[in-house]
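Below is one structure; the comments refer to it alone.
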Amino acid sequence: MIASNSAGHAKQYFSEALLKSDYYLDDQELAGRMQGKLAERMGLAGLVNKEVFHDLCDNIDPNTGKPLTPRTKENRITGYDISFSCPKSVSILHGLSNDDRILTAFQESVRQTMQDIERDSKTRVRQNGVSEDRETGELIWSEFVHQTARPLDGSLPDPQLHAHCFVQNATWDSAEQRIKAARFTDIKRDMPYYQEMFFKRLSDRLMDGGYQIRRTEKSFEVEGVPQNVIDLFSKRTDEINRVAKEKGIVDPKEVSELGARTRSKKQRGHSMNELKENWRQQIMDLGPLKDGEGKRTLRHAAPVQDKSGITPQICVDHAIDHGFERASVQGERRLLASAYRHSIGNRSVSLDQITADLKDDARLVHVEEKGRTFSTTKQVLSEEQRMVTLARQGQGKLKPLYDKVPDLKLDGQQAEAVRHVLTTPHRVSIIRGAAGTGKTTLMKEAVGLMEQAGKKVTVVAPSSQASRGVLREEGFQEAETVARLLVDEKMQANLQGQVIWCDEAGLLGTKDMTALLEIATKQNARLILGGDTRQHSSVVRGDALRILNTVGGIKTAEVSRIYRQRNADYRSTVEDLAQGDVAKAFQKLDGMEAIQSIDPLQPNSQLVKDYVDTVKKGKSALVVSPTHAQGEAVTGDIRRTLQERGLLSKKEVTASRLVNLNLTEAERGDWRNFKPGQVIQFNQNLTGIKRGSVWTVEIATDKGVTIKDDQGHALPLPTVRSRDYDVYHQSEISLAKGDAVRITRNGFDRDGTRMNNGQTLDVLKVSKQGDVILRNAQSKVEYRLDKEFGHIAHNYCVTSHASQGKTVDEVFISQPASTFSATNAKQFYVSVSRGRDRVRIYTDDKEQLMLQASQMGDRQSALELVGRKNRTTDLVQQRIRDELNRQPVNRDKPKDVAKPPRFKDRDYEPGL
């Protein structure tokens with residue numbers, strides 16, 4: 001869904017891309033049609049007329065010549081192009097066969113989905129103090145169906161069955177009895193939901209026609225169309241992806257818009273028969289098919305029998321397991337999209353059945369909020385309630401460690417935080433320290449005084465890098481991970497009556513925080529949680545530290561004075577970000593000339609130059625970007641420049657690199673997410689499988705997934721134990737002397753020396769045999785790896801999540817518009833606060849960056865969701881009481897009792 005921001009742009013788009021000119025030649029394309037309930041109301045339904053289309057773009061009613069909507073702004077959005085595209089195998093079959101049912105299935109799927117979008121249409125209501133969106137259910141759009149992709153220069157177009165539905169920015173408001181501008185915000189946000197409905201409908205109709213379907217990463221394909229043929233006719237997609245990669249564009253919306261900006265020149269004079277003959281010749285030139293290819297594509301056959309055993313409830317189960325692994329609250333439509341997608345390839349499961357089962361699922365709690373339905377589960381809600389209850393139960397239960405605190409070396413907020421944890425009677429204490437406020441410094445003094453009071457302090461942190469890396473380097477030699485504490489019964493037994501200090505506690509999810517609280521309660525131990533709720537939270541569900549503070553009411557000692565930044569203006573900027581004042585911080589960054597405007601076509605050139613100049617001066621530096629894809633692009637440019645300047649050896653070795661696909665447990669349990677060549681590494685010992693062992697996916701079918709080790713032993717992958725392994729994509733990495741790298745998974749080098757996830761090292765030496773010698777710059781410890789180690793990445797550009805806890809002299813932030821989908825206040829704050837001396841931000845859209853960086857990024861908790869529902873209940877009930885109190889009762893007629901006021905349905909939350 002792409003906006004058209006001017007009438008002129010829309011008219012040009014109509015003439016160049018939507019009509020039968022340009023690459024839509026002769027008999028290749030179908031006539032466009034105007035559709036929608038508003039089109040019927042206006043008498044415009046039928047074939048698209050150029051004059052009518054232009055009038056609508058100019059906000060003119062073609063029937064009267066008067067303005068179509070009340071206001072015609074200079075920069076109004078004229079409309080939106082919603083594009084529907086068939087999977088490539090479907091387009092190939094349609095182009096080369098005579099099966100008209102493919103086109104019919106496609107058009108019907110588009111029509112139904114557009115009607116769903118139309119039903120969800122709204123308009124703004126801004127009258128008499130009311131500010132809301134009203135449902136309208138009427139739109140007008142022009143549909144153009146095309147059978148070929150735009151050609152590359154010098155070649156004929158590939159088969160590509162797709163449709164453009166240009167929706168005008170207009171809707172019928174029945175309450176006001178007039179046409180008004182439409183409100184598309186919710187529709188645009190819910191595009192993934194409509195997309196999965198479209199693919200489900202199309203795949204079901206194709207299965208009715210006898211085609212066999214296999215789900216893919218993004219949609220589905222028809223069985224029997226060889227992959228090399230699909231690749232052959234993906235020239236346009238490959239070209240767009242190539243240009244996107246060159247420009248560092250990763251956001252799907254940006255990639256789609258790039259396609260519109262990279263059109264080839266017009267071609268004329270080729271009939272569909274000529275194109276078909278050319279396509280057949282291209283296939284012939286590929287050579288003979290491999291055994292088994294092209295043998296399962298059926299046409300005009302009986303509907304395919306579904307033998308998978310998948311039911312609507314299984315699809316809902318998958319959506320719940322997948323959706324709530326990393327979030328406590330999900331939009332209902334996000335859950336439905338996941339369930340719809342899981343059902344693709346299973347004709348016996350319908351969209352309506354899935355929708356009904358999810359809405360009626362007893363495990364879910366649904367809350368309507370501003371026209372949207374959000375969901376959580378009773379289990380998630382119970383977990384959060386349990387966590388908060390445990391923390392509250394420890395309030396006032398312990399004797400303070402000190403009645404009077406000895407003289408402290410620290411002063412100000414740091415001293416107050418130390419006094420708080422030494423004198424509190426509560427089992428649980430929180431120290432919220434902004435980035436760079438010296439939390440480790442105050443931790444050292446507090447731990448020393450606790451030990452003087454006779455207490456043993458066990459220091460833990462959520463990650464290996466934070467515990468065994470940073471904390472041990474800071475003097476806490478026995479620091480361990482939270483995960484180790486949760487499984488080590490001996491460690492737990494030693495906590496009786498003692499103190500647990502958890503650093504970086506903001507990275508704990510609900511489950512681990514609850515487990516930590518249970519241990520502290522059982523062992524009658526104190527639990528001190530140090531962290532920053534404005535920095536990144538756990539990858540798994542639950543912003544536990546924030547919930548304990550804001551919902552649980554656990555008192556927090558605030559440490560906001562920042563010491564990391566040496567420059568006063570820079571320090572003041574970080575303080576503003578720590579307080580959530582992004583606009584003020586942006587103004588200061590601009591005044592410091594920290595925000596650099598970049599050329600979108602060369603987004604990394606200035607950043608790379610500045611970074612290399614800084615490194616050459618002997619300063620420590622780090623580049624941060626919101627997305628992995630942008631980080632990879634920056635890393636490549638940095639390494640090339642370092643080699644050109646002689647700061648990095650040109651002698652390289654190519655080593656194996658394993659990239660974690662970060663699948664959820666539900667995804668790792670679905671055979672359809674596995675492909676031959678993927679790598680599986682196990683986290684636990686299983687039958688015939690050793691912990692830490694590495695296997696390769698050999699076959700993935702509906703009968704199961706077969707994996708093979710380096711000795712050739714094959715076993716079925718136990719997908720029912722999906723929590724016990726990770727799935728990786730096999731890639732390569734170039735390493736040279738002088739490279740900065742980081743370890744991406746806990747492991748051991750060839751000599752058995754432990755290496756921690758997140759550990760940063762320098763490449764000391766590479767050999768022709770593939771050996772790589774690494775060294776820790778601080779401890780000078782050396783590690784020896786072979787080129788098949790796999791869990792290694794360059795450390796020039798990292799995500800803000802990976803940068804959390806790091807400190808360098810200068811930080812460089814790569815934040816072009818293509819990364820804005822991953823931009824929020826947490827990401828921006830963490831990124832900016834990494835430097836001691838200087839920060840520089842590189843973007844091609846300063847204004848939009850500020851808007852994106854102002855979004856808080858807090859994940860809603862189940863307690864907060866249900867709490868808002870309850871508050872709404874209280875407000876409605878209070879309104880009823882107020883109305884009753886205001887209405888006079890006729891005391892002369894006792895039988896005339898004042899009736900309670902009637903409220904519209906929208907005044908109530910579901911279930912009231």
Side-chain angles (χ1 to χ4, degrees), residues 313 315-339 355-395 428 430 482 486 505-521 527 529 533 537-554 664-666 723 856-877 908-912:
Q313 189 58 56
C315 296
V316 171
D317 291 345
H318 172 83
I320 291 174
D321 291 342
H322 172 65
F324 293 105
E325 179 174 320
R326 296 172 183 170
S328 299
V329 174
Q330 288 279 14
E332 183 185 62
R333 287 192 164 183
R334 183 177 289 270
L335 293 173
L336 285 170
S338 179
T355 303
D357 278 15
L358 188 136
K359 289 181 179 294
D360 294 339
D361 197 294
R363 295 169 293 179
L364 294 172
V365 178
H366 302 289
V367 177
E368 190 173 340
E369 197 172 86
K370 295 181 180 179
R372 293 181 64 191
T373 301
F374 293 91
S375 305
T376 188
T377 72
K378 295 175 182 177
Q379 178 188 347
V380 171
L381 182 60
S382 177
E383 284 177 1
E384 292 183 0
Q385 289 170 332
R386 168 71 174 159
M387 179 182 73
V388 170
T389 299
L390 281 169
R392 285 176 174 170
Q393 284 175 347
Q395 299 295 88
V428 182
I430 298 175
V482 172
L486 297 185
L507 293 175
L508 287 178
T510 306
K511 283 188 175 181
D512 284 351
M513 182 67 84
T514 302
L516 209 53
L517 287 163
E518 288 173 340
I519 291 171
T521 302
L527 176 59
L529 303 168
T533 55
S537 53
S538 169
V539 175
V540 296
R541 73 166 173 256
D543 298 357
L545 187 66
R546 185 182 63 81
I547 295 170
L548 289 179
N549 179 214
T550 59
V551 181
I554 303 302
T664 63
E665 191 175 319
R723 68 176 59 188
M856 284 308 298
D858 283 336
R859 297 180 298 183
Q860 190 173 196
S861 70
L863 285 170
E864 288 166 326
L865 178 69
V866 175
R868 265 194 283 277
K869 176 181 178 181
N870 293 337
R871 282 196 296 275
T872 304
T873 304
D874 294 341
L875 288 171
V876 172
Q877 291 174 345
Y908 295 90
E909 292 292 340
L912 296 186

Using distance only, find each side-chain donor-acceptor pair of residues 511-518 under 3.5 Å and give its atom names and separation, not counting sequence neighbours.
unit_1	atom_1	unit_2	atom_2	d
Thr514	OG1	Thr510	O	2.8
Glu518	OE2	Arg386	NE	3.4
Glu518	OE2	Arg386	NH2	3.4

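Paired with His366 under the rule side chain to side chain contact (heavy atoms under 4.5 Å, CB included), one option of Leu358, Thr376, Leu865 passes, and it is Leu358. Considering Glu864, Glu384, Arg541 in turn, Glu384 is the only one that fulfils the side-chain hydrogen bond (donor to acceptor under 3.5 Å, both in side chains) rule with Ser328.
Residues satisfying the side chain to side chain contact (heavy atoms under 4.5 Å, CB included) test with Thr389, not counting sequence neighbours, are Gln393. Gln379 is linked by a side chain to side chain donor-acceptor pair (under 3.5 Å) to Glu383, counting only residues two or more places apart in sequence or in another chain. For Lys359, the side chain to side chain contact (heavy atoms under 4.5 Å, CB included) partners are Glu332, Thr355, not counting sequence neighbours. Remark: Arg334 pairs with no residue by the salt bridge (charged side-chain N to carboxylate O under 4.0 Å, His left out) rule, at least two apart or across chains. Among residues two or more places apart in sequence or in another chain, the side chain to side chain donor-acceptor pair (under 3.5 Å) test is passed with Asp361 by Gln313, Arg363. Taking Asp858 as the reference, Lys826 meet the side chain to side chain donor-acceptor pair (under 3.5 Å) condition, with sequence neighbours excluded. In terms of the side chain to side chain donor-acceptor pair (under 3.5 Å) criterion, Gln330 has no residue partners (sequence neighbours excluded). Listed by chain and residue number, Val388 satisfy the side chain to side chain contact (heavy atoms under 4.5 Å, CB included) test with Arg392 (two or more places apart in sequence, or in another chain). Take Ala666 and apply the side chain to side chain contact (heavy atoms under 4.5 Å, CB included) test, not counting sequence neighbours, and it matches His318, Asp321, His322, Thr664.
Between Ile547 and Met387, the closest heavy-atom pair is CG2-CE, 3.8 Å.
Using a 4.5 Å heavy-atom cutoff, the side chains of Asn549 and Ile554 are not in contact. For the pair Leu863/Leu381, a side-chain contact is recorded, criterion being any heavy-atom separation below 4.5 Å from C-beta on. When side chains are defined from C-beta on, Arg859 counts as touching Ser537, because their heavy atoms get closer than 4.5 Å. Using a 4.5 Å cut-off on side-chain heavy atoms (C-beta onward), Leu545 and Leu508 make no contact.
Looking at Arg333, its side chain never comes within 3.5 Å of a backbone N or O of Arg372 through a donor-acceptor pair.
How far CG of Leu335 is from CG of Leu364: 7.0 Å, rounded to the nearest 0.5 Å.
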